[in-house]
Amino acid sequence: MRAAVAAAVHAGELSVAVPESVVVERPKAPPHKDKSKPAPQARGDYATSIALRLAKPAGKSPVEVAEILAARLRSLPDLSEVEVANGFLNLFLAEAALGRVALDVVAAGRSYGTNDAAAGQTVNLEFVSANPTGPIHIGGVRWAAVGDALARLLEASGAKVTREYYFNDHGAQIDRFARSLLAAATGQPAPEDGYGGAYIGEIAQAVLAEVPDALEQDDPQEVFRRVGVQRMFQEIRASLHDFGVDFDVYFHENTLHESGAVQRAVDRLKAAGQMYDKDGALWLRTTEFGDDKDRVVIKSDGEPAYISGDLAYYLDKRERGFDRCIIMLGADHSGYVGRLMAMCAAFGDTPHVNLEVLIGQLVNLLRDGEPLRMSKRAGTVVTLEDLVDAVGVDAGRYALVRSSTDSQIDIDLDLWSRRTSDNPVFYVQYAATRAASVLRHAKDLGIDVPDTADVSLLTHPRESELLLALAEFPRVVATAAELREPHRVARYLEEKVAKAAQRFWDDCHVLPKGDEPVSELAVPRLLLWRATRTVLENGLVLLGVSAPERM
RNA sequence: GCCCCCGUAGCUCAGGGGAUAGAGCGCUACCCUCCGGAGGUAGAAGCGCAGGUUCGAAUCCUGCCGGGGGCACCA
């Protein structure tokens, strides 16, 4: 398409700058939907509004521009028709060209859908990073599902991704945690500012089991801190693993303080003139870079403030060679974005390029239409295990990943635990299962499922619809990765592929009934089922959801 | 008070400036012996309000209304 524009410019037919890219899309409304309404023009397999955009700079009417481009496009063999409508260009694929999609998908197999848009990028993706003071709660679970899917998407786009978990095992909250454990072990009530909940008692018991004389040691609280944190960390790590999420690096905040990394980061910013003393504390001039106020890095009591760990951590990531650091945070941390970006700039980096902060809104779980409220004090925390117990890993991950993180979502546990089509993950998985099932059934009948076939026979509207949907996959993956929006993949699978597959199933029989001979369409259609299975499977894998052979 | 996110069908959510705004559930009416009928078709039903930018706005800008989150020498 862009080549056509360039050619027209070159030939002197259009006097415009050749655009960087030309958007060619599937038409928004399917052509066969119009019935009684007026303006029932068919819209083609693909459409572009490029002529409308170029009309003004070219000094011609949109229709003139469109006609110039159409004349060139009509010479392409893969297009059977090029239509100009209201300045839009509607492109109709030649039937043979469309069928080739199935061959391409089957030939590419597991790699279908990958691209190299992010090739050469070294990405550090930090997500979850829940504090080791309790079980991982539902907010963190959203990031586990979305973050892992995003990592897979970035990898599918050619990036080298390190999944990283920042483990806040330093500071006052850990002291509170340790005091809470100690209190529980000695039968005292939880401290006023401490943590409640049954897990505190369990962890305390586990510490005593591991270090029987913990209470007799010189500093029992230190024992409970060290062993309790370790214990909590293992539990979090195990439950994430059971959720299908594993990290390449579990980074301990403590190491930054012990290794002098914090001091190095501070010295570096001092040398860059970004720090100053005031009221006995050391401040970072974040307002220079758009933050609301400057931030204390070293408190007046000499203790490092929390941000000092972030400074050292960011520097450490950059020194480890990551050119893109992505951090996923919950909405309760949205106030940090400004200072993190300022920090990035203070190091001389480019905010939103070297450092990206993704903010996700909160999640509510509903049961019987009522939100499950949680209270840390009462210990009624909704955890990862609660979600998995209620709906399972696949439904849990899919439910969390199918919506934009910009939106708060309600997850109805009753809906997502249902094994019916109300449940979107079942709809998609069932389509994948059906594809596997048809292929299995064909094999049972002695029909080989081929690597190639006469795909020019695939001309039924349902076949075309499905082929067009399958052809979109690589672009969906690339877009979802680029925008850091994994939900696009889920919606695509659900609304495009699974939908089209069901319709194809309904209207296009594949296997012979009874004693019928095998139709000449059977083999091409089986190939299309293979391609469909491939896309559904590849897509579900990107979301961390299983694509079962049978359900 | 300031900052961030959201407001789309009865409900849960999609919708990167383009043509008639899409799904699922729910509702109405039909259809279906290739797989474990967890399916398909058709219909009713919607962009919070008011301006602005644009040939064109659910989408971009401003203001208001409504919901959520955040504004520490806490972590």
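A quick note: this is a predicted structure, and the numbers were derived from the prediction, not measured.
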> Do A:Asp292 and A:Thr287 come within less than 4.5 Å of each other through their side chains, counting heavy atoms only?
no
> Check side chain to side chain donor-acceptor pair (under 3.5 Å) between A:Arg339 and all other residues, then give those that pass, not counting sequence neighbours.
none
> Indicate whether any N or O donor in one side chain lies under 3.5 Å from an N or O acceptor in the other, for A:Tyr427 and A:Glu495.
no
> For A:Lys496, give me all partners under salt bridge (Lys or Arg N to Asp or Glu O under 4.0 Å), at least two apart in sequence or on another chain.
A:Glu472
> Shorter than 3.5 Å, N or O on both sides, protein versus nucleotides 7-10 of chain B: list them out with atom names.
none

> Quick check on B:G15: is either OP1 or OP2 less than 4.0 Å from any side-chain nitrogen or oxygen of A:Tyr492?
no
> At under 4.0 Å between heavy atoms, what does A:Leu282 touch on the DNA or RNA strands: base, sugar-phosphate, or nothing?
nothing
> Does anything in residues 475-487 of chain A pair up under salt bridge (Lys or Arg N to Asp or Glu O under 4.0 Å), and if so which pairs, sequence neighbours excluded?
A:Glu356-A:Arg484, A:Glu485-A:Arg488
> Which nucleotide sits closest to the side chain of A:Asp332: B:G22, B:G69, B:A38?
B:G69
> Rounded to whole angstrom units, what separation is found between the CE atom of A:Met341 and the C1' atom of B:C3?
15 Å
> For A:Arg402 and A:Thr433, take the nucleotide of RNA chain B holding the closest heavy atom to each; which residue's nucleotide lies nearer the 5' end?
A:Arg402
> Looking at every strand, decide which applies to A:Asp279 at a 4.0 Å heavy-atom threshold: base, sugar-phosphate, or nothing.
base
> Between A:Leu282 and A:Tyr276, is any pair of side-chain heavy atoms under 4.5 Å apart?
no
> If the cut-off is 4.0 Å, is A:Lys496 near the phosphate of B:G22, judged by side-chain N/O to OP1 or OP2?
no
> Would you kindly say whether A:Asp422 and A:Thr420 are connected by a side-chain donor-acceptor distance under 3.5 Å?
yes
> Identify the two heavy atoms, one from A:Thr405 and one from A:Arg142, that lie closest to each other, and give their separation to 0.1 Å.
CA-NH2, 3.4 Å
> Please give, in whole Å, the distance from B:G18 C1' to A:Leu91 CG?
15 Å
> For A:Gln502, answer base if it contacts any base atom (sugar-phosphate contacts may also be present), sugar-phosphate if it contacts only those atoms, and nothing otherwise; contact means non-hydrogen atoms under 4.0 Å.
sugar-phosphate
> With sequence neighbours excluded, what pairs up with A:Asp316 under the salt bridge (Lys or Arg N to Asp or Glu O under 4.0 Å) test?
A:Arg320
> With the stacking rule set at 5.5 Å and 30°, tell me whether A:Trp505 counts as stacking on B:C34.
yes
> Taking only side-chain nitrogens and oxygens of A:Arg503, does any of them come within less than 4.0 Å of OP1 or OP2 of B:U41?
yes
> Among B:C34, B:U12, B:A38, which nucleotide sits nearest the side chain of A:Phe426?
B:A38
> On RNA chain B, compare the nucleotides closest to A:Ala172 and A:Glu485; which residue's is nearer the 5' end?
A:Glu485
> Decide yes or no for A:Ser407 and A:Gln361: does some side-chain heavy atom of the first lie under 4.5 Å from some side-chain heavy atom of the second?
no
> Of all the choices, B:C73, B:C5, B:A38, which nucleotide is nearest to the side chain of A:Gln361 once you look at every atom?
B:C5
> Find the distance between CD (A:Gln230) and CD1 (A:Ile203) and round it off to the nearest 0.5 Å.
11.0 Å
> If you look at every strand shown and take non-hydrogen atoms under 4.0 Å, does A:Leu362 touch a base, only sugar-phosphate, or nothing?
sugar-phosphate
> Rounded to the Å, how far apart are A:Asn423 CG and B:A38 P?
14 Å
> Just to be sure I understand the rule, does A:Val510 reach a base, reach only the sugar-phosphate, or reach nothing, if contact means heavy atoms closer than 4.0 Å?
base
> Just the rounded figure in Å: distance from P of B:A23 to OH of A:Tyr398.
15 Å
> When all nucleic acid strands are considered with a 4.0 Å heavy-atom cut-off, which category describes A:Ala281: base, sugar-phosphate, or nothing?
base
> Counting any heavy atom closer than 4.0 Å, what does A:His509 reach on the DNA or RNA strands: base, sugar-phosphate only, or nothing?
base
> Quick one: is the NZ or CZ of A:Arg295 closer than 6.0 Å to the six-membered ring centre of A:Trp283, and within 45° of its axis?
no
> Could you run down the sub-3.5 Å N/O contacts of the protein with nucleotides 25-30 of chain B?
none

> Under 4.0 Å between a side-chain N/O of A:Lys443 and OP1 or OP2 of B:C34, yes or no?
no
> Rounding to the closest angstrom, what is the interatomic distance between B:U8 and B:U33 at atom C1'?
41 Å
> Could you give the distance from CD1 (A:Ile174) to CG (A:Asn168), rounded to the nearest 0.5 Å?
7.5 Å
> From B:G22, B:G16, B:G18, pick the nucleotide closest to the side chain of A:Glu495?
B:G22
> Produce the list of close N/O pairs, under 3.5 Å, pairing protein atoms with atoms of nucleotides 46-49 of chain B; give distances to one decimal.
none

> Applying side chain to side chain donor-acceptor pair (under 3.5 Å), which residue pairs with at least one partner in residues 518-528 of chain A are found, sequence neighbours left out?
A:Glu463-A:Arg525
> Quick one: side chain to side chain donor-acceptor pair (under 3.5 Å) partners of A:Ser129, sequence neighbours excluded?
A:Glu126
> Base, sugar-phosphate, or nothing for A:Asn168, non-hydrogen atoms under 4.0 angstrom?
nothing
> Classify A:Ser403 by what it touches in the nucleic acid, base, sugar-phosphate, or nothing, heavy-atom distance under 4.0 Å.
sugar-phosphate
> Give a yes/no answer on whether the side chain of A:Arg488 brings an N or O atom under 4.0 Å of OP1 or OP2 in B:G16.
yes
> Over how many whole Å does the gap from A:Tyr430 atom OH to B:G40 atom P extend?
10 Å
> As a test of reading the structure: which of B:A14, B:G69, B:G18 is closest to the side chain of A:His487, going by heavy atoms?
B:A14
> Looking at residues at least two apart in the chain, or sitting in another chain, which of them share a side chain to side chain donor-acceptor pair (under 3.5 Å) with A:Ser61?
A:Glu64
> Rounded to the nearest angstrom, tell me the gap between atom CG in A:Leu413 and atom P in B:U12.
15 Å
> Does the plane of the ring in A:Phe233 sit parallel, tilted or perpendicular to the ring in A:Phe167? Use 30° and 60° as the thresholds.
tilted
> Under 3.5 Å for both pairing distances: what stems, at least three Watson-Crick or G-U pairs long, include RNA chain B?
B:1-7 with B:65-71, B:10-13 with B:22-25, B:27-31 with B:39-43, B:48-52 with B:60-64
> Measuring from the side chain of A:Gln408 (C-beta onward, heavy atoms only), which nucleotide among B:G18, B:C74, B:G67 has the closest atom?
B:G67
> Rounding to an integer number of angstrom, what distance separates B:G67 and B:U12 when you compare their P atoms?
16 Å
> Less than 3.5 Å between a donor and an acceptor, one on the side chain of A:Ser334 and one on the base of B:G70, is that the case here?
no
> What nucleic acid atoms does A:Arg440 come within less than 4.0 Å of, heavy atoms only: base, sugar-phosphate, or nothing?
nothing
> So, is A:Lys293 close to the B:C73 phosphate, meaning a side-chain N or O under 4.0 Å from OP1 or OP2?
yes
> Got a sec, which residues hit salt bridge (Lys or Arg N to Asp or Glu O under 4.0 Å) with A:Arg225, two or more places apart in sequence or on another chain?
A:Glu222
> Do A:Thr479 side-chain and B:G16 base share a donor-acceptor contact under 3.5 Å?
yes
> Between B:G69 and B:U62, how far apart are the two C1' atoms, rounded to whole Å?
23 Å
